[in-house]
Amino acid sequence: MTDLPEYALEAIDLRKTYGGTKTTPPKEALKGVTLRIKRGSIFGLLGPNGAGKSTFINIFAGLVNKTSGTGVIWGRDIDKEPRDSRAAIGIVPQEINMDVFFTPYETLELMAGFYGVPKSERRSEEILAAVGLTDKRDAYVRQLSGGMKRRLLVAKALVHNPPILVLDEPTAGVDIELRRQLWEYVRELHAAGTTIVLTTHYLEEAQELCDEIAIVDHGEVVACEPKDALLKRMDTKSLVIDPVEPLAAVPKSLAGFEAEIRDGGSLAISYKFGQQSVAEIIEKYNESGARIADLRTEEPDLEDVFMSLTYQDKGDAA
Ligand code: ADP
């Protein structure tokens with residue numbers, strides 16, 4: 001096979017409903033997800049906990065049965081060619097579940113056997129070197145540090161030399177140093193030609209690593225675009241003013257701004273960084289006669305991005 005597919009992964013109207021039995025109410029985890037992940041990209045599936053990211057990945061891994069829709073891996077339909085499609089993908093799971101009584105080398109050999117990789121084509125030594133575990137080749141897995149175990153998980157996903165590597169929350173609960181190491185290694189794999197798909201709920205991780213980002217929320221894709229385009233949407237900051245006297249309502253003089261009074265009585269005003277100035281907001285605020293006890297600015301976080309995206313979506317539809 002010489003023709004390389006345009007897309008590494010394709011999901012077309014993918015749906016998953018869990019439960020729905022007598023004892024468990026139905027839970028719609030994916031509500032018709034369509035995504036096309038280009039070959040050669042580092043693609044981030046970004047969303048809060050419960051958004052449906054693992055469900056999406058696990059459908060491609062063959063661990064979750066979809067309710068409907070189409071999944072394609074490296075040009076092969078996961079229903080029509082389950083074995084061949086899955087041969088093209090390596091999945092690094094979130095949980096560290098490994099047989100601790102094997103050595104890293106044995107673990108990789110077993111995995112290669114599981115994938116039916118002939119002995120002559122196995123690359124266990126090479127992969128151990130790539131993830132920096134050569135000197136732990138014959139140690140027991142239970143003696144490895146948490147970081148080493150994570151790297152061994154990546155190694156396990158690579159034994160059949162897949163063109164696509166999927167990492168499910170690769171750095172959840174991992175310290176900063178190890179996170180950087182893993183990012184570095186993911187970049188190396190990418191540079192060597194592997195398409196990378198990762199799920200994360202850390203905005204920073206997606207920002208740091210990915211060239212394309214899809215944001216999922218409540219089982220739906222709310223945005224899917226190149227990172228730079230997405231970041232441009234995140235130029236909204238907030239100015240938060242603590243008034244001397246409690247405010248009954250947002251001052252009328254601030255009518256041109258998106259503003260709200262928070263539970264503690266602070267007034268939060270959104271503004272476009274670089275387009276609107278804090279001085280202008282304060283001037284408008286002062287016009288109302290209210291006084292300022294304290295003020296600060298807040299950077300946007302993932303939640304703001306979601307909020308602004310869903311807000312815009314509604315606006316577009318209207
Ligand atoms: P994420 O990976 O983004 O955190 P998940 O795909 O794990 O999200 O979960 C999406 C939704 O589906 C959540 O509401 C979760 O509680 C629900 N869910 C996940 N797995 C199951 C399951 N096996 N049975 C029932 N509900 C599930």
Side-chain angles (χ1 to χ4, degrees), residues 8-37 41-73 78-79 82 85-86 89-97 150 153-154 156-157 164-174 179 182-183 186 195-210 212-225 227 230 301-310 313:
L9 279 191
E10 288 174 85
I12 301 144
D13 200 20
L14 216 51
R15 289 171 194 272
K16 174 65 188 178
T17 303
Y18 289 106
T21 59
K22 272 189 195 133
T23 45
T24 49
K27 169 74 206 175
E28 229 185 330
L30 296 180
K31 301 173 183 166
V33 168
T34 297
L35 277 179
R36 292 187 173 82
I37 300 178
S41 58
I42 303 193
F43 191 96
L45 201 58
L46 182 67
N49 285 325
K53 304 179 299 294
S54 296
T55 300
F56 181 88
I57 295 307
N58 287 334
I59 288 172
F60 285 98
L63 299 172
V64 165
N65 287 321
K66 61 187 162 56
T67 304
S68 65
T70 305
V72 182
I73 304 172
I78 58 173
D79 292 331
S85 61
R86 284 186 187 115
I89 197 169
I91 309 245
V92 184
Q94 221 175 98
E95 307 270 318
I96 298 184
N97 54 352
R150 288 258 173 184
L153 277 183
V154 176
K156 271 177 78 181
I164 310 166
L165 185 69
V166 175
L167 303 118
D168 194 5
E169 295 277 358
T171 62
V174 158
R179 185 174 301 173
L182 276 166
W183 288 351
V186 165
T195 302
I196 308 283
V197 180
L198 63 95
T199 75
T200 184
H201 65 280
Y202 296 122
L203 181 60
E204 189 203 350
E205 184 155 84
Q207 208 160 311
E208 179 85 18
L209 268 184
C210 302
E212 297 259 350
I213 296 174
I215 295 186
V216 284
D217 193 19
H218 297 295
E220 289 176 298
V221 177
V222 294
C224 178
E225 44 198 287
K227 174 176 66 184
L230 196 61
D301 61 17
L302 193 51
E303 209 173 312
D304 295 320
V305 178
F306 283 135
M307 295 202 8
S308 81
L309 287 173
T310 24
D313 285 347

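Indexing begins at 1, ligand by ligand and atom by atom, following the structure's order.
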Can you give me every donor-acceptor pair (side chain of residues 22-30, partner residue at least two apart or in another chain, under 3.5 Å) with its distance?
{"unit_1": "T23", "atom_1": "OG1", "unit_2": "T21", "atom_2": "OG1", "d": "3.4"}
{"unit_1": "T24", "atom_1": "OG1", "unit_2": "T21", "atom_2": "OG1", "d": "2.8"}

Subject >> Minimum-distance pair of heavy atoms, taken over all atoms of L14 and A11 >> reply: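 Shortest heavy-atom contact: CD2-CB, 3.9 Å.
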Ligand 1: protein N/O within less than 3.5 Å of ligand N/O:
{"unit_1": "ligand 1", "atom_1": "2 (O)", "unit_2": "S54", "atom_2": "N", "d": "2.8"}
{"unit_1": "ligand 1", "atom_1": "2 (O)", "unit_2": "S54", "atom_2": "OG", "d": "2.8"}
{"unit_1": "ligand 1", "atom_1": "3 (O)", "unit_2": "A51", "atom_2": "N", "d": "3.1"}
{"unit_1": "ligand 1", "atom_1": "3 (O)", "unit_2": "G52", "atom_2": "N", "d": "2.9"}
{"unit_1": "ligand 1", "atom_1": "3 (O)", "unit_2": "K53", "atom_2": "N", "d": "2.9"}
{"unit_1": "ligand 1", "atom_1": "3 (O)", "unit_2": "K53", "atom_2": "NZ", "d": "2.8"}
{"unit_1": "ligand 1", "atom_1": "4 (O)", "unit_2": "G50", "atom_2": "N", "d": "2.7"}
{"unit_1": "ligand 1", "atom_1": "6 (O)", "unit_2": "T55", "atom_2": "N", "d": "2.9"}
{"unit_1": "ligand 1", "atom_1": "6 (O)", "unit_2": "T55", "atom_2": "OG1", "d": "2.5"}
{"unit_1": "ligand 1", "atom_1": "8 (O)", "unit_2": "G52", "atom_2": "N", "d": "3.1"}

Subject >> Backbone N/O of N65 and side chain of K16: donor-acceptor pair under 3.5 Å >> reply: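 Looks like yes, one N/O pair under 3.5 Å.
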Subject >> Test side-chain contact (heavy atoms from CB on, under 4.5 Å) applied to V186 - qualifying residues, sequence neighbours left out >> reply: L167, I196, L209
Original post:
For F60, which residues count as a ring pair (Phe, Tyr, Trp, His ring centres under 6.0 Å) partner, sequence neighbours excluded?
Top reply: F56
Original post:
How about I78 and I73: do any of their side-chain heavy atoms sit closer than 4.5 Å?
Top reply: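 A side-chain contact under 4.5 Å exists here.
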